[in-house]
Number of protein chains: 2
Amino acid sequence: MSVTARDFAVLASMTPEPTTRPRLDDVDIDKLRQHMMVIRRKVQAGQYVYRAGQPFHALYLVHAGFLKSCELARDGREQVTGFRMRGDLVGVESIGLGQYSCDLVALEDSELWELPYPPVLLACRELPELQARLTTALAEEIRRDRLWMLSLGTLSAERRVAAFLFDVAQRHATLGFSPRHFILRMGRADMGSFLALKHETVTRALSRLAELGYITVQRREVRVLDTAALARLAGQGEAIH
Amino acid sequence: MSVTARDFAVLASMTPEPTTRPRLDDVDIDKLRQHMMVIRRKVQAGQYVYRAGQPFHALYLVHAGFLKSCELARDGREQVTGFRMRGDLVGVESIGLGQYSCDLVALEDSELWELPYPPVLLACRELPELQARLTTALAEEIRRDRLWMLSLGTLSAERRVAAFLFDVAQRHATLGFSPRHFILRMGRADMGSFLALKHETVTRALSRLAELGYITVQRREVRVLDTAALARLAGQGEAIH
DNA sequence: CGTTTGGTTGAAAGCGATCAAGCGAGGTGG
DNA sequence: CCACCTCGCTTGATCGCTTTCAACCAAACG
């Protein structure tokens with residue numbers, strides 16, 4: 001049985017309300033609404049939410065959909081630095097710079113809540129807990145980046161891909177989706193860019209993980225058969241004492 | 001002419017007051033002092049300022065010396081994620097976690113100002129500009145990390161080492177030291193860990209850069225002969241249009 | 001001094017990149 | 001509805017850079 005375009009569409013539309021709360025929860029948003037205009041913004045697949053160099057004016061909370069952020073160098077080098085989904089706060093990396101430092105691109109039709117930044121800063125003065133939340137969100141971002149640096153710096157291609165799948169599975173679980181069965185929203189090239197690998201290498205690693213019986217993969221559809229094995233490869237397994 | 005132990009000692013003692021201000025300047029510190037006890041803490045080379053897992057209680061402002069921060073995984077993998085010098089604010093990556101998320105190790109005798117965190121948070125409420133400064137410091141940390149991710153993901157070993165030297169030179173210049181002549185405070189292994197390379201590869205890259213006439217290097221003493229060439233290799237050169 | 005530690009260099013191996021070909025799904029236009 | 005085209009994915013063969021393994025050297029230290 002193979003996956004058809006229709007299957008993709010059906011799976012993509014399976015977007016139930018998550019059972020666990022996102023990082024910036026509804027309570028925060030309600031409080032924010034009392035202090036500023038929260039603008040709903042929709043973007044289609046392929047469109048940019050913001051681009052490096054554009055004036056920084058707002059943070060965004062991803063409400064639905066899937067996006068990637070891309071770092072780019074003056075000489076044309078470019079790398080995906082993260083994938084964003086519901087509950088992720090984006091744009092924080094550009095605070096204090098005056099302009100966005102990277103691109104944010106929708107990989108599928110998405111909806112974001114735009115939080116104009118000066119009002120956010122003002123609201124933080126009124127709501128100390130919001131300030132703490134924002135600071136914590138920034139710190140978490142640093143920790144996530146550092147963990148990926150560690151993974152990219154110390155894991156082989158195959159283990160990096162395993163770590164990626166494990167991370168995707170965990171994030172899905174956090175949002176109330178199945179961590180055992182999901183559709184990757186990005187292509188092999190974007191995965192590779194994020195993992196500092198070429199797309200052929202990503203393909204080979206996926207094939208190998210399937211060969212080992214840890215997953216099944218058909219184009220973008222992934223089933224995780226052995227979570228523990230993935231975790232072990234990712235370096236997240238139980239330590240041996 | 002080779003460098004003797006005495007030369008090292010002399011150079012190491014050349015620590016004039018910087019002519020440019022560090023990221024958290026004296027004005028901020030004075031204001032902080034009005035709100036909390038700022039504790040001066042000295043650490044000797046090799047000592048830990050904090051270790052991953054210890055309870056998080058303070059941020060630190062590096063006042064003198066040189067340190068590295070190390071990320072570690074449960075399975076023993078480990079990587080240097082950054083080098084810290086005067087003016088750098090460290091510990092921010094651990095905010096909101098309850099415990100430090102990484103190790104901070106002195107590479108030479110250093111002095112840090114300990115800023116107990118709950119007081120910092122309280123002071124932020126009284127001093128909005130301090131809050132903005134802290135938030136900006138966090139965002140800058142994210143941007144730095146992302147730029148290194150880009151470099152590590154897209155540059156060859158030789159270019160990574162060039163980028164590292166260029167960065168060291170720039171940071172030295174920022175602190176009022178010579179960007180053309182400096183002593184590396186870390187060994188080849190730590191450089192390699194940060195750059196995701198083995199120490200032999202770092203050595204070879206340095207030898208090659210010297211062979212090309214861009215630098216001279218004798219153990220830890222580096223002279224930059226061609227800054228533009230380093231910048232170009234680092235991907236920071238002028239873009240061609 | 002002898003020992004240890006960190007750095008350098010060479011030779012060989014291994015892993016991921018590169019180059020190339022082929023495949024399948026989806027979309028388009030006849 | 002089908003032929004064709006395109007794009008993303010897969011797989012194979014080869015190349016080359018980085019790692020690995022090993023030896024050696026210089027400086028620091030006791």
Side-chain angles (χ1 to χ4, degrees), chain A residues 1-12 45-46 68 77 79-80 107-108 151-162 164 183-211 215-222 233, chain B residues 1-12 45-46 68 77 79-80 107-108 152-162 183-211 215-222 233:
Chain A
M1 188 205 88
S2 69
V3 181
T4 67
R6 184 174 304 274
D7 292 327
F8 270 97
V10 168
L11 284 163
K68 65 174 176 181
R77 280 173 303 120
Q79 187 175 40
V80 175
L107 290 177
E108 61 180 28
S151 293
L152 301 187
T154 59
L155 299 181
S156 66
E158 195 175 307
R159 297 185 64 183
R160 271 181 243 180
V161 172
F164 182 78
I183 306 293
L184 296 170
R185 311 304 217 286
M186 78 297 292
R188 300 287 188 265
D190 280 336
M191 267 174 81
S193 174
F194 178 69
L195 297 172
L197 299 171
K198 296 299 166 187
H199 70 95
E200 298 97 324
T201 307
V202 173
T203 290
R204 276 185 249 270
L206 288 171
S207 301
R208 176 92 184 114
L209 293 175
E211 191 184 315
I215 63 170
T216 65
V217 54
Q218 276 164 18
R219 298 186 73 82
R220 296 193 180 184
E221 183 186 24
V222 174
L233 284 178
Chain B
M1 189 205 87
S2 70
V3 181
T4 67
R6 183 175 304 277
D7 292 328
F8 271 98
V10 169
L11 283 163
K68 65 173 175 182
R77 281 173 303 121
Q79 187 176 39
V80 175
L107 291 176
E108 61 179 29
L152 301 187
T154 59
L155 299 181
S156 66
E158 195 176 306
R159 296 186 65 183
R160 272 182 243 179
V161 171
I183 305 295
L184 296 171
R185 313 302 220 284
M186 79 296 293
R188 299 289 188 262
D190 279 335
M191 266 174 81
S193 173
F194 178 68
L195 296 172
L197 298 171
K198 298 298 167 189
H199 68 94
E200 298 97 324
T201 308
V202 173
T203 291
R204 277 185 248 271
L206 287 170
S207 300
R208 176 90 183 117
L209 292 176
E211 192 184 315
I215 62 170
T216 64
V217 54
Q218 276 164 17
R219 301 189 68 86
R220 296 194 180 184
E221 182 186 25
V222 173
L233 283 178

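In what follows, chains are A, B, ... by sequence order, proteins preceding strands, each numbered from 1.
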Please state how far atom [atom1] in [X] lies from atom [atom2] in [N], giving the value in whole angstrom units.
X        : N      : atom1 : atom2 : value
A/Met191 : D/dT10 : CE    : C1'   : 14 Å
A/Lys198 : D/dG16 : NZ    : P     : 16 Å
A/Leu197 : C/dA17 : CG    : C1'   : 10 Å
B/Leu155 : C/dG16 : CG    : C1'   : 17 Å
B/Arg159 : D/dC17 : CZ    : P     : 14 Å
A/Glu221 : D/dC9  : CD    : P     : 14 Å

Indicate yes or no: at least one non-hydrogen side-chain atom of B/Leu197 is less than 4.5 angstrom from one of B/Val161.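 When only atoms from C-beta onward are counted, B/Val161 and B/Leu197 do touch, with a gap below 4.5 Å.
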Are A/Leu206 and A/Arg188 packed together at the side-chain level, in the sense that at least one heavy-atom pair is separated by less than 4.5 angstrom? yes
Classify the nucleic acid contact of A/Ala205 as base, sugar-phosphate or nothing, counting any heavy atom under 4.0 Å across all strands shown.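 Result for A/Ala205 = nothing.
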Rounded to the nearest 0.5 Å, what's the gap from CZ on A/Phe194 to CE on A/Met186? Could you check? 9.0 Å
Gap between atom CD of B/Glu108 and atom CD1 of B/Ile183 - 0.5 Å precision: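 Taking CD1 in B/Ile183 and CD in B/Glu108, the distance rounds to 10.5 Å.
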Hey, does the side chain of B/Arg159 reach the backbone of B/Leu233 with a donor-acceptor pair shorter than 3.5 angstrom? yes
Closest approach of B/Ser193 and B/Val80, non-hydrogen atoms and distance? OG-N, 2.9 Å
Within the 4.0 Å limit for protein heavy atoms, which parts of nucleotides 4-15 of chain C are touched? Write it as a string from 5' to 3', B for base, S for sugar-phosphate only, - for none. --SSBBBB----
